[in-house]
There are 2 protein chains.
Amino acid sequence: MGIAAAEPLPRGLSPQDTLRSRKQAATRLAIRRAAIELGLAHGYDSVTVDMICNASGVSARTFFNYFGSKEGAYTSPRKPLPGDAALTAFIAGGSSGVLTGLFDLIAGTFVEAESSLELFQARHRLIQQTPELLGREKERISETEEIFVGYVMERFHHDGRTVRDTPDLADEARMLVALVSGALRFALQKWAAGNFSDDRAHLVESASALIKRITGNEHWP
Amino acid sequence: MGIAAAEPLPRGLSPQDTLRSRKQAATRLAIRRAAIELGLAHGYDSVTVDMICNASGVSARTFFNYFGSKEGAYTSPRKPLPGDAALTAFIAGGSSGVLTGLFDLIAGTFVEAESSLELFQARHRLIQQTPELLGREKERISETEEIFVGYVMERFHHDGRTVRDTPDLADEARMLVALVSGALRFALQKWAAGNFSDDRAHLVESASALIKRITGNEHWP
DNA sequence: TGCATATTTGCAGGAACTGCAATTATTGTT
DNA sequence: AACAATAATTGCAGTTCCTGCAAATATGCA
């Protein structure tokens, strides 16, 4: 599954590269493109599933096989989870902070395995215009929180922290993930509003600077 | 509208206390009760609007007049906004921090003008069991973010801060609201999981302590 | 008491969605 | 190359949610 595709492999060695899977990917993309274009042209609420199907050449039943719901054609294609290398680096930590590292880790999942940056940008343009989709997209950040809490706990353990030393370590991990999720909601929205002109490092850096300022200024009780 | 109702007023002085408004309140409550009881008995997905209408004795058209959607019978009854006194206190600030004060301000809006604590708890029990409702409830925190950004800007101005001194003051306010929203998502879920046993002051205090610890431990870039 | 206004209800229809099974396309084996 | 197995697509009927419209009913006011 992690096989580099720099060179075509014999068919038997790559169960993922069949005519079927290629056609599926093309169909999925065609539906998404149609949905997004129609949305930008008419507004999300005016687009019907039938319109999308007509424009992409599939039946409505097939549409729902692919996306489950009308909204599914518009929201992130998969649950944002990090790659192995990024996760390993986060858990190993080093000089980077947990909060900053987690922010970077999750932000990295939003640069999607989307075949087209143009489509990614078009999708997000529509999302910014559509409160309902914006809310759903933000909710997606929350769907994987438990998984990230697990990663943070691994990081804590790697850093030598234990529940014996800090009984509410799990709550700390949860709060950390919640804070980062909150910060990401702001950061990603700003990123989209700036038409994705910032690179990821700058995203992380400016968010961290704001958080540092805010919490540094705080009069803690 | 802020008239204390400790004593019944003559009918003419209280346009809000008519037979109509009382019947509406009763109908709204009956629908909500029916919805929540059915949801706890059968699961949210198995409850139909017809079932709720049969149990509460209204027509489906009336249901949608009241709630707009099936989900609306389950989510928070109104956009959580603070009362005038709480808002004035937040903007005046004093010794409390902005982040902590904002957390407290928003947390206060979640003790709803619900006629029944028991119904509040039942609703939240169902929400915890229903990922879709949980996601929606969490996102409700975001619906009023712009308003809270405005309050934070007022607080900043009260504290003598200006855009001239801090050009990205608005971004700071936004990030602050986003962080607090994130923290609230965790804190409210924990509160509900503990069956609402903590009082608000403890909620604020434990959340603040965690945030302080996390950000104090952080290796900022 | 009668009229104006607000609320509830009934109804038809559109849109999203689901279960089921037939049809079609692709894959694997001989 | 032929055929069987498997996967994907499609057609179809029905349910559910939701909306617009207008008639019926309840309440408020002069």
Side-chain angles (χ1 to χ4, degrees), chain A residues 8-32 34-36 38-39 42-75 130-133 135-136, chain B residues 8-32 34-36 38-39 42-75 130-133 135-136:
Chain A
L9 293 171
R11 166 113 4 118
L13 281 193
S14 177
Q16 291 225 24
D17 196 31
T18 61
L19 184 60
R20 272 181 175 155
S21 65
R22 271 182 274 120
K23 291 188 83 167
Q24 278 202 1
T27 300
R28 180 172 283 115
L29 184 60
I31 297 174
R32 272 191 176 274
I36 291 162
L38 285 164
H42 303 286
Y44 174 73
D45 288 332
S46 299
V47 176
T48 63
V49 169
D50 269 353
M51 287 162 69
I52 299 170
C53 294
N54 289 335
S56 55
V58 299
S59 74
R61 195 69 193 84
T62 298
F63 176 92
F64 286 110
N65 286 344
Y66 274 85
F67 291 106
S69 64
K70 175 187 167 186
E71 158 195 314
Y74 292 94
T75 49
T130 313
E132 182 184 339
L133 288 182
R136 298 293 174 279
Chain B
L9 293 170
R11 169 116 354 126
L13 283 191
S14 176
Q16 290 224 24
D17 195 30
T18 62
L19 182 61
R20 270 180 177 158
S21 66
R22 271 182 274 118
K23 291 189 82 167
Q24 278 201 2
T27 299
R28 180 173 282 115
L29 185 59
I31 297 174
R32 271 191 177 277
I36 291 162
L38 286 165
H42 304 286
Y44 173 74
D45 288 332
S46 299
V47 177
T48 63
V49 169
D50 270 352
M51 285 163 69
I52 299 170
C53 295
N54 289 337
S56 55
V58 299
S59 73
R61 196 64 190 90
T62 297
F63 174 93
F64 286 110
N65 285 346
Y66 274 85
F67 292 104
S69 65
K70 175 184 168 187
E71 161 193 312
Y74 291 94
T75 49
T130 313
E132 182 183 342
L133 288 183
R136 298 292 178 281

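FYI, side chains are in, hydrogens and waters are out, and symmetry mates aren't considered; it's all heavy atoms of this structure. Order of the sequence lines sets the chain letters (A, B, ...), proteins ahead of strands, with each chain counted from 1. Remember, predicted model here, so these are calculated numbers, not experimental data.
- For dA8(D), the OP1/OP2 oxygens have no side-chain nitrogen or oxygen of Y66(A) closer than 4.0 Å.
- We find that NE2 of H42(B) is positioned 14 Å from P of dT16(D), with the value rounded to whole Å.
- Between the P atom of dT9(D) and the CZ atom of F67(A) lies a distance of 11 Å, rounded to the nearest Å.
- dG20(D) atom C1' lies 11 Å from atom CG of N65(B), rounded to whole Å.
- Put simply, CD on E132(B) is 11 Å from P on dC17(D), counting in whole angstrom units.
- By the 4.5 Å heavy-atom criterion applied to side chains, V47(B) and Y74(B) are counted as neighbours.
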_Step-by-step side chain to side chain contact (heavy atoms under 4.5 Å, CB included) determination, Y44(B) to K70(B)_ = CA-CA 10 Å; Y44(B) 173 74; K70(B) 175 184 168 187; 3.9 Å; yes
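- With rounding to whole Å, L19(A) atom CG is found 18 Å from dT24(C) atom P.
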*Verdict with reasoning, Q24(B) to R20(B), per side chain to side chain contact (heavy atoms under 4.5 Å, CB included)*: CA-CA 6 Å; Q24(B) 278 201 2; R20(B) 270 180 177 158; 5.6 Å; no
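- T130(A) contributes atom OG1, which lies 7.5 Å from atom CG of D45(A) (distance to the nearest 0.5 angstrom).
- Counting distance only, with no hydrogens placed and no angle test, the side-chain atoms of R20(A) and the base atoms of dT26(C) include a donor-acceptor pair under 3.5 Å.
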*Would you give a per-nucleotide map of nucleotides 10-20 of chain C, 5' to 3', where B means the base has a protein non-hydrogen atom under 4.0 Å away, S means only the sugar-phosphate does, and - means neither?*
BB----SBBBB
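- Annotation: side chain of R28(B) is not in contact with side chain of K23(B) (no heavy-atom distance under 4.5 Å).
- In this structure, the NZ atom of K23(A) is 14 Å from the C1' atom of dT10(D), given to the nearest Å.
- Residue T62(B) has no polar side-chain atom (N or O) positioned under 4.0 Å from OP1 or OP2 of dT7(C).
- Residues F67(B) and R32(B) are in side-chain contact: their nearest non-hydrogen atoms beyond the backbone lie under 4.5 Å apart.
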